[in-house]
Peer 1: 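Could you have a look at this structure, given as structure tokens, before my questions?
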Amino acid sequence: MTWLLKAIMTGVVSFAATNIDDIFVLTLFFGQTGRRLRRWHIVAGQYFGFTALVAISLVGYFARLVVSPAWVGLLGLLPVAIGVRGLLWRGEVEEEKAEAVGAAGVLSVAAVTFANGGDNVGIYTPLFAASDLATLLVILAVFFVMLAVWCVAGYFLGNHPAVRRTLDRYGHIIVPFLLIGLGVYIMLESGTLKLLGL
């Protein structure tokens, strides 16, 4: 039972850490629903785009069958690097995202979701590689449930500008620390730190 709770928490934390920025994208999408862009376009597009990111990341799970998990765990340095970069670099990404949201339809939403998911692949690949099959299945189930929660949250945030402004102000501070913690967790779980003599 403990492994199940641990797997659920890992899924929730890793999803939240890699998809907090998607709340802004979803908010922008839901804020422009109308004749050309329907709510179901946004939800379906999110699921298509996210499924593509997960499929690419599953390569990491199969790589563990060939390479020692301790060595694969070195990929845990990726989330740490992404988190450190997030702390050091404060670009105006939201303006770029707002421009990308112009087109309508399921494929457009999927394309934006996929393009915005470079950090997802960097995090999910080592996470999947460090997981056994049962844990991996739980994490994947949590991811797809969390994606539905994200869509609902994006819908409501699109209708509450005060909440959106708060997330816009502090999201860039929270995400890097979550990513660094996730990277350290991946290296601990796969025995990489012992391999490095730490």
Peer 1: Determine whether Thr51 and Phe144 satisfy the following criterion, side-chain contact (heavy atoms from CB on, under 4.5 Å), listing intermediate values before the conclusion.
Peer 2: CA-CA 9 Å; Thr51 300; Phe144 285 98; 3.4 Å; yes
Peer 1: Provide the full list of side chain to side chain donor-acceptor pair (under 3.5 Å) pairs with a residue in residues 136-146, sequence neighbours left out, each pair given once.
Peer 2: none
Peer 1: Rounded at 0.5 Å granularity, tell me how far CG in Asp22 sits from CD in Gln46.
Peer 2: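 If I round to the nearest 0.5 Å, the distance is 5.0 Å.
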Peer 1: Drop me the distance from Leu127's CG to Asn120's CG, to the nearest 0.5 angstrom.
Peer 2: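 The CG atom of Asn120 is 11.5 Å from CG of Leu127, to the nearest 0.5 Å.
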Peer 1: Please walk me through it: do Phe15 and Phe50 pass ring pair (Phe, Tyr, Trp, His ring centres under 6.0 Å)?
Peer 2: CA-CA 11 Å; Phe15 182 91; Phe50 186 77; 5.5 Å; yes
Peer 1: Tell me whether Tyr47 contacts the main-chain N or O of Ala148 through its side chain, where contact means a donor paired with an acceptor under 3.5 Å.
Peer 2: yes
Peer 1: Val12 and Val145: same hydrophobic cluster, using ILVMFWY side-chain contacts below 4.5 Å?
Peer 2: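 Shared cluster, no.
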Peer 1: Where do Ile139 and Phe128 land on the side-chain contact (heavy atoms from CB on, under 4.5 Å) test, with the steps shown first?
Peer 2: CA-CA 9 Å; Ile139 289 172; Phe128 294 169; 4.1 Å; yes
Peer 1: Enter the distance from Ser14:OG to Met9:CE here, rounded to the nearest 0.5 Å.
Peer 2: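 Nearest 0.5 Å value for the OG-CE distance: 10.0 Å.
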Peer 1: Do the side chain of Ser57 and the main chain of Leu53 share a donor and acceptor less than 3.5 angstrom apart?
Peer 2: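 A pair under 3.5 Å: yes.
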Peer 1: Check whether any side-chain heavy atom of Tyr124 lies under 4.5 Å from a side-chain heavy atom of Leu58, and answer yes or no.
Peer 2: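 No; the side chains remain at least 4.5 Å from each other.
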Peer 1: Once rounded to the nearest 0.5 Å, what's the spacing between atom CG of Leu136 and atom CG of Leu140?
Peer 2: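 That separation rounds to 4.5 Å.
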Peer 1: Is it possible for you to say whether Phe156 and Leu26 belong to one hydrophobic cluster, with membership spreading through side-chain heavy-atom contacts below 4.5 Å?
Peer 2: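 Result: yes, single cluster for both.
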Peer 1: For Phe48, what residues pass the ring pair (Phe, Tyr, Trp, His ring centres under 6.0 Å) criterion, not counting sequence neighbours?
Peer 2: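 Applying ring pair (Phe, Tyr, Trp, His ring centres under 6.0 Å) to Phe48 gives none.
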Peer 1: For Val138, what residues pass the side chain to side chain contact (heavy atoms under 4.5 Å, CB included) criterion, not counting sequence neighbours?
Peer 2: Trp3, Leu4, Ala7, Ile8, Val142
